[in-house]
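Scroll down for the structure; my scribbles are underneath it.
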Amino acid sequence: MANPPYRITLIEGDGIGHEVVPAARRVLEATGLPLVFVEAEAGWETFEKYGTSVPEETVEKILATDATLFGAATSPTKKVPGFFGAIRYLRRRLDLYANVRPAKYHPVPGSVPGTDLVVVRENTEGLYVEQERIYARGKVAIADRVITYDASYRIAEYALRLAERRKGRLALVHKANVLPLSDGLFLEAAHDAAKRHPNVEIQEVIVDACAMRLVRRPQDFDVLVMENLFGDILSDLTAGLVGGLGIAPSGNIGDRAAIFEPVHGSAPDIAGKGIANPTATILSAAMMLEHLGEGETARRIEAAIDRVLETGPRTPDLGGRATTEEFTDAVIEALQMT
Ligand code: NAI
Ligand code: MG
């Protein structure tokens, strides 16, 4: 665990990243914690400038600091030679094996009261090994879905520790009824990991039934762990349960580095207008503080966000008229009252 002063890498990225990351920085500065910020570059603009979307210097800064806050990166819609997606590259390069997506009720339209769960998605294998082949003169396509014992054990271990710090319940999400070898291996590894965490109540849930139960009664869940594709899909579903893109934070966590980022993208349609909702990035910053062992301050930030979401001002995506700056000012004011 890191010790204060905490060193934080800030990467704005592209589009509204230039607006929401500075907003989150102001909130972090207002917490009174000893923080040192290091700025780094990544994304499409970085690619245009240097010919790479992630300069080596950025990787070095991420590794040399305690945690990283990332805004968003634009991906071109057409294939550009030499370009690769910054976040995907960093996940792989730094072995950020846990993608962590909390879904918690916030006082915004469409958020389901009582929801407080976390989707823990395996981030390194499954279908995302990107091994596809074509056979039969183009009429058959096969994609490999790789499940290993070690990666499954590692992600289960992360989820078990998280469950221990929360409500003590973990759902193992799978499709072992159809895929007994691969998802069976996932379950075997997860149950092995669980032997060392007897306080966590384990439940197996088949992925399709899980989707329905999440929609009907999200309050029943605490931590859910699953392989890559199931996590990709269900974590968007759970973001939808609590108010959508402007709100949803995430973390990409490995043993050597951790990068926190809003779930949304660079929002080119509103970039530069000063009206982006910084909530998802501020909540990502709170997750980052929790990760650094500053849970109390993280909860103060969440409470300040909720107070402002409840009483206003709100940004246009939530039906208000506030700018990013006005919203952030209100969050800082609420933070200083707690
Ligand atoms: P997007 O999340 O950027 O935007 C979708 C819609 O939600 C837009 O109408 C946008 O204005 C709105 N929106 C998103 N975040 C908002 C916020 N904080 N406040 C207010 N409104 C917000 O997704 P889209 O349009 O599919 O992608 C745009 C670019 O972002 C693409 O280049 C895409 O590749 C990239 N992207 C990057 C991600 C990342 O960096 N992790 C994730 C998703 C997309
Ligand atoms: Mg997704």
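Only this structure's heavy atoms are used, side chains among them; waters, hydrogens and symmetry mates stay out. Computed from a predicted structure; not experimentally measured. In listed order, ligands and their atoms are each counted from 1.
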Sort out for me which residue in Asn99, Val100, Ile259 forms a side chain to side chain contact (heavy atoms under 4.5 Å, CB included) with Ile253. Val100
Answer yes if the side chains of Glu157 and His197 hold a donor-acceptor pair under 3.5 Å, and no otherwise. yes
Under 3.5 Å, which donor-acceptor pairs do the side chains of residues 72-81 form with other protein atoms, sequence neighbours left out?
unit_1, atom_1, unit_2, atom_2, d
Thr74, OG1, Ser266, OG, 2.7

Hydrophobic side-chain clustering at under 4.5 Å (ILVMFWY, transitive links): who's grouped with Ile206? Put none if nobody. none
Per-ligand residue contacts, ligand 1, heavy-atom threshold under 4.0 Å: Ile16, Ala72, Ala73, Thr74, Ser75, Leu245, Glu261, Val263, His264, Gly265, Ser266, Ala267, Pro268, Asp269, Ile270, Ala276, Asn277, Asp317
List in chain and number order the residues that pass salt bridge (Lys or Arg N to Asp or Glu O under 4.0 Å) with Arg256, two or more places apart in sequence or in another chain; answer none if no residue qualifies. none
Once you measure the plane-to-plane angle for Phe260 and His291, does it fall in the parallel (<30°), tilted (30-60°) or perpendicular (>60°) bin? tilted
